[in-house]
Structure formats: structure tokens, C-alpha cells
Amino acid sequence: MRKLVVVMIALLGLVFLVGCGDDDSEDHAGKASSPTVMGGPAPATVPGFREGAPQQDTPAPTDQSNRKEVITGSVDVTSGDPIAAAATVTEQVRAVDGRIDSRTEQPGTDKRTARAVLSVRVPADKTDAFITGLGGVGTVTRVSTDRDDVTMQWQDLDARIRALQASVDRLKALITGATNTADLIAAEEALSSRQGELDSLTAQKRSLDDQVALSTLTVTLTADEKNAPGDPDNFWDGIVSGWHSLIDWLQDAIVFLGKAVPWLGFLAVIGGLLYAALRLLRGRRRTGAPTHAATAPVATAPAAPAAATASGATASSASASASGKETPGAHSAGDDQTEQP
């Protein structure tokens, strides 16, 4: 019994010692780890960095050197000769190393004013100077410009292009070091997809760079009011205007007749066909009527001899009474004829 009690006490003492050892090890581990945290590297916060403030390596929003703008606008100019003024504007565009995308000219007539419209591209940094120079061509009546900030769009395209270019370079390296066919095919498919996307983004960025580098302006040149056609001011101008209006009316009438000739020929052909159809129908009706008339006497042919005999007897009696003489045997002949069935 005593041995059992001693064993139990020994076991309890062993368990107590083990528990104390675990606590000591945890304390030592905590003490060992705490210096590492305190003496380790500082937090990821950059010295001098404050919450809400921009980082030092990123440009400030107020920096105008990296700003990308697309400038568009329109300018209205009046001139005595819009066509000649358009040639002058073309020379000015070439002088500032620009280009002309489209040019439309409309010479003046008695009914409309001369007009010219040009779509020009000039360097963005020379846009204001170019618009000011248009005052030497004529009178600038209206100027409208619009500046669209595309900085964020340009930066996004640039970042995506650089990322795709790095991915393409890595895929090319994988293709070079591929050891089996499956890896080579997978790398080539991925490279084809990335290369297509890279080319598309590069084209978009190139177009955006062109819009940023060159402003787009629409220059409209019109004639002065004194050179614009209007109502006549005196008697002679009235005669001239009336003569021109008469000539124009005659020209319009001749053109109308020329347009009407094909229609008249078409209507004549249609009328001729209708007339021929009506004549054909009438001819068929006329040829059908005598056929019915010819069949009627055939049905009454047996009664014709009796009628002829009766008419002959009547004629003979009438002639006998008219002469007052009786022909011997006439009655007997008449009796014989009447008694015949």
C-alpha cells in the first residue's frame, strides 16, 4: 500500500515538473521573439510619408509638364474672296509644319455666296499663334476651342503596354527554353494572344499621341455681305436680274421637257397597246354576229315553198281582178293548188 502511494506521489511530481517546464519554454520563446519584433525593420511606411499625402516618386497633380490635352476647335472668317483666302490659309498651315485633312470650296454665283471649309491639323503649341494669324486673311467672326485632358487615359495605355511588353518578353524566353512540344505550343498560344493585345494598345496610344501633338481646327471662310448676292438696288440691276431669271426659267423648262420625253414615249406605247387590244375585241364581236344570222333560215326552210305558193296565188288573183278577165281553168288550178297538202 505504501509503495502504491509513493508511486502516485512520484507521478504527480513528474506531471507538475513537466507542466512547469512547458510554461518556462513558452516564456523563453515569447522573450526570444519579442526582441525580433522590436528590433526588426520598421513598418512599410516610408519616412516622411503621411496618410493622404502623395508619394514622393509620383508627380503631383498640379504638374503641367506631363499633362496630355487634345485640342479641337472651329474658326469662322469672312473675306472678300474666300477661295483665295483658303489658299492663304493652306500656306500658313504648311508654314507651321501642319497638314490639311480636308478642303471644300464653293465658288460664288448669282444665287449663292462663295464659301470654303478647311479641316487643318496644326501643332498644339502653335494653335493660339495660328488662330491669331488668321486675322490677316480676313475678319475673324467666331473662335471656339476645346481642350480635353487625356492624361489618365494616356498613362493607363502606357502602363498596360509596358506590362504586356514584359509578358511578351518572358513568353519569348520560355519558347526559347521549351523542352517539350506541349510547353512550346502553350507558350506560343499565349504569346500570340498577348502580342495581338499589345499591338492594339500600341495603335491606340499612337493615335492618341497624334491627337495630342496636333490640334484639329475647322476653318470656315465666307464672303463679305457686300459681295453676297441679294436684291437689285436700281432699275438696270432689276432688268439684269429679270433677264437672268427668265434665262434660268427657260433652262429649267427645257430640262423639264427633256425629262418628260421618255415618259411621253412610254405613255404612247401603253396607249398603242390598249388601242390594239380594244380593236381586237371589237373584231371578234363582229365576226361572231353573222354566224347566228345564217343559221336562222335553215331552221325555217320547209315552210318556204308553201309561202311562195301562197304569194304566187295571191299575185295571180290580184292581176286577174285588175284586168277584169277570167282565165279559163284558173279556178281549177287554184283549187288544185289549195287542195294539195
Side-chain angles (χ1 to χ4, degrees), residues 69-148 207-266:
E69 291 181 342
V70 175
I71 303 175
T72 57
S74 60
V75 183
D76 294 343
V77 182
T78 58
S79 176
D81 189 357
I83 306 302
T88 305
V89 172
T90 302
E91 295 176 358
Q92 292 181 355
V93 171
R94 293 173 179 172
V96 295
D97 297 331
R99 71 171 187 264
I100 297 178
D101 287 347
S102 65
R103 179 176 178 177
T104 304
E105 296 180 357
Q106 176 181 293
T109 61
D110 296 335
K111 295 183 179 180
R112 65 184 182 187
T113 60
R115 189 168 181 266
V117 180
L118 293 87
S119 178
V120 301
R121 303 291 304 279
V122 296
D125 55 348
K126 300 179 182 179
T127 302
D128 296 335
F130 174 78
I131 294 176
T132 304
L134 292 177
V137 177
T139 303
V140 179
T141 59
R142 189 180 70 89
V143 177
S144 175
T145 58
D146 183 19
R147 294 177 179 268
D148 187 12
S207 176
L208 188 61
D209 288 337
D210 180 73
Q211 296 177 15
V212 171
L214 297 176
S215 302
T216 304
L217 299 176
T218 302
V219 182
T220 304
L221 303 167
T222 56
D224 297 333
E225 294 182 356
K226 61 181 181 180
N227 295 329
D231 297 332
D233 297 332
N234 50 46
F235 179 76
W236 176 252
D237 291 341
I239 293 176
V240 173
S241 177
W243 174 256
H244 288 309
S245 63
L246 176 62
I247 297 299
D248 293 339
W249 183 85
L250 291 176
Q251 291 178 353
D252 295 339
I254 293 173
V255 172
F256 176 77
L257 291 177
K259 293 181 178 179
V261 167
W263 287 96
L264 293 176
F266 176 74

Legend entry - Nearest atoms (heavy-atom pairs only) where Gly258 meets Pro262: O-CD, 3.2 Å
Inset, instruction - Provide the closest heavy-atom pair for Lys126 versus Asp97 in the form atom of the first, atom of the second, distance. - result: NZ-OD2, 4.4 Å
Inset, instruction - Quick one: closest heavy-atom pair of Ala223 and Thr113, and the distance? - result: CB-CB, 4.5 Å
Inset, instruction - Using a 4.5 Å cut-off on heavy atoms from C-beta on, say whether the side chain of Leu118 contacts that of Leu221. - result: yes
Inset, instruction - Using modelled atom types only, decide if a donor and an acceptor are shared between the side chain of Thr139 and the backbone of Gly135 within a distance under 3.5 Å. - result: no
Inset, instruction - Give, for atom CG of Asp148 and atom OG1 of Thr72, the distance between the pair rounded to the nearest 0.5 Å. - result: 7.5 Å
Inset, instruction - Can you spot which of Leu134, Asp128, Thr127 makes a side chain to side chain contact (heavy atoms under 4.5 Å, CB included) with Phe130? - result: Leu134
Inset, instruction - Hey, could you give me the OG/CD1 distance between Ser144 and Ile131, rounded to the nearest 0.5 Å? - result: 9.5 Å
Inset, instruction - Could you check if a side-chain atom of Thr216 sits within less than 4.5 angstrom of a side-chain atom of Ile71, using non-hydrogen atoms only? - result: no
Inset, instruction - Output yes when a side-chain donor or acceptor of Arg121 lies under 3.5 Å from a complementary backbone atom of Asp210, and no otherwise. - result: yes
Inset, instruction - Please report the closest heavy-atom contact between Val212 and Ala124, naming both atoms and the distance. - result: O-CB, 3.5 Å
Inset, instruction - Return yes if some donor-acceptor pair links the side-chain N/O of Arg147 with the main-chain N/O of Glu69 below 3.5 Å, else return no. - result: no
Legend entry - Point-to-point distance, once rounded to the nearest 0.5 Å, from CD1 of Ile254 to CH2 of Trp249: 9.5 Å
Inset, instruction - Can you see which heavy atom on Ala85 is nearest to which on Val137, and at what distance? - result: CB-CG1, 3.3 Å
Inset, instruction - State plainly whether the residues Arg115 and Asp76 are in salt-bridge range, i.e. N to O under 4.0 Å. - result: no
Inset, instruction - List the steps and the verdict of side-chain contact (heavy atoms from CB on, under 4.5 Å) for Val120 and Arg99. - result: CA-CA 6 Å; Val120 301; Arg99 71 171 187 264; over 6 Å; no
Legend entry - Side-chain donor-acceptor contact under 3.5 Å, Thr218 with Ser74: no
Legend entry - Option passing side chain to side chain contact (heavy atoms under 4.5 Å, CB included) with Val143 (candidates Val75, Val77, Thr132): Val75
Inset, instruction - Taking all heavy atoms of Thr222 and all of Pro82, pick out the closest pair and write down the distance. - result: C-CG, 3.5 Å
